[in-house]
Amino acid sequence: MKNTLFICSLLAAATAQAGSGPEFDAKHLSQDVKVLASDEFEGRGPNTAGETKTVAYLIEQFKAAGLQPAGDLLKGQKTQRSWTQDVPLGRFEIKGPVKLVVSDGNTRQELKQGDDMAVRAAMNGSHQVDFRNAPLVFVGYGVNAPERKWDDFKGFDLRGKLAVVLINDPDFETGVGDFGGKAMTYYGRWTYKYEEMARRGALGTIIVHETAPASYGWATVKNSNTNVMYDIVRKQPASAHAPMEAWIQRDLAVDLFKRGGQDFEALKKLAQTRAFKPVQLKGVNLSASYAVDAQTIVSKNVAGRMIGSTAPEQTVIYSAHWDHLGVGLPDAKGDKIYNGAVDNGTGIAALLELARAYGKAPAPQRSVVFLAVTAEEKGLLGSEYYAAYPLYPLAETAGVINMDALSPYGPARNFTISGSAKLDLLDQLIAKAKQMDMAYAPDPKPEAGHFFRSDHFPFAKRGVPAISFGSGDDWIDGGLAAGRKAEEDYNTNNYHQPSDEWSANWPFTGMAHDLGLLYGLGRDLADSNAWPNWAHDAEFRATRDASSARRK
Ligand SMILES: [Zn+2]
């Protein structure tokens, strides 16, 4: 995640040696990123000519590395596979005006889409959302967490009602409690709120926006919700999405609570306790009407496999997303191609170089799958599709190691993962890193919920031990000052901008070094019969344990 004018230092040898393991070539990494981030690949947008080129390049490299095709089964075949997995995606867009009217018996108030509320295009399969005078029910943080003996719903029936819910989890404000304190558990994430209300058959979810617990301002909420939306094509979309999914400005919510005879701050305090019960805002109703255009596009995940020698039906996955933003609005220089060199040319280059290393080494005991997923930038959809329709059973997938936006610079003394979580796989990574004199630097802002925002997460949510590796910021050459400066520079000047382009000055020696660590972690797992798990109080432990009979 770094960028700045940088002169390759003497310390940066072209090849990094990874303990007793294989060697990883910084020149290969640079070459792969250069190709993937070239203008010819048009920013690698799903369902574009850029996708066709990217997929062809990945297949060619997987073949050359000695992998077997690991995608969809070929028609009429029981074992023969394609190199790709089709990923059908729904594309949803609001057409025409969004009519929103709130009434409290005395007054009718028209609300403005984007300013007062941010309503997403419906993804439940309907082309028209239309309801009149739906009651608003405050459900606190909207959490049902049996392992923490926490239930905000207390049996309340949400059918035909709109659930008004707080963002983050019940102990975010106080910093102490059963939900990891300041750190965000999955119960705090907006995706969880939407999913939980859909499971309960609610008419809709309205999240109250507050900047601190959301970790971003209203502009982000508005931009990411009033745009074109994407989802994987689901067999039962209504079980994953309520008809209305929306956010509301805090001040407006406070006012609606008042009109319904309630005090927002007092109820919020109560919502931080187990005693909380849903509260209907008496007499306050919302009517809504808007049309939704829904279409389907097909993109592809690319998958190659080293078949295991003794337990081929068991799987270890390395993953990275191949897609980026494609062609979009021009920057100040008139550049319209969002090349995505760091994000995520680097992760894909790492995946390819790992595949080459495995291809040269003796076959591991378990199978190792190299998975390049699509549509991360549209909401982790390629990984969500794989996890919903796995090519190899999740119950027998021992672990997932994801890579996204790695540092193209020199080596660091530390490393990180996206977000915070408690699982054996992370402990194993930390132990392995120690052997290489590398320290674990935990996410400094675990309340932002980064654990839920990368491609390992659709696996984690289904119980598979999974993490996203992140490059360190304590550089051997220049220390924390240099590492942090590069990171800040990248975030400000290049992240999700046309200027995220390959540079001949990037040494890639840090990545080559870190791949020794990621190879070691995956290889140990692939050569063992152990099944690492989540910590006992982790929110994904129960889901994993439910399939334990299949891991004898
Ligand atoms: Zn990315």
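Side-chain atoms are counted along with the backbone in the values below, which use heavy atoms only and exclude waters and symmetry mates. Start at 1 with the first residue, then count along the sequence. Counting starts at 1 for both ligands and their atoms, in listed order.
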Report, as yes or no, whether the 6.0 Å neighbourhood of atom NZ on Lys53 holds more than 12 heavy atoms from other residues, nucleotides or ligands. yes

Have a look at Asp404 and say which of its N, O or S atoms is nearest the Zn ion (ligand 1). OD1

Are the side chains of Pro532 and Leu423 in contact, using a 4.5 Å heavy-atom criterion? no

Report the C-alpha distance between Glu487 and Arg484 in whole Å, list the side-chain angles of each, state the deciding distance to 0.1 Å, and finish with yes or no for salt bridge (charged side-chain N to carboxylate O under 4.0 Å, His left out). CA-CA 5 Å; Glu487 200 167 307; Arg484 287 190 179 151; over 6 Å; no

Of all the atoms in Glu376, is at least one N, O or S atom closer to the Zn ion (ligand 1) than 2.8 Å? no

For Glu40, look at atom CD and say whether over 12 heavy atoms of other residues, nucleotides or ligands are found less than 6.0 Å away. no

With the Zn ion (ligand 1) as the point of reference, which N/O/S atom of His321 is the closest? NE2

Could you pull out the atom name of the N/O/S atom in Asp343 that is nearest the Zn ion (ligand 1)? OD1

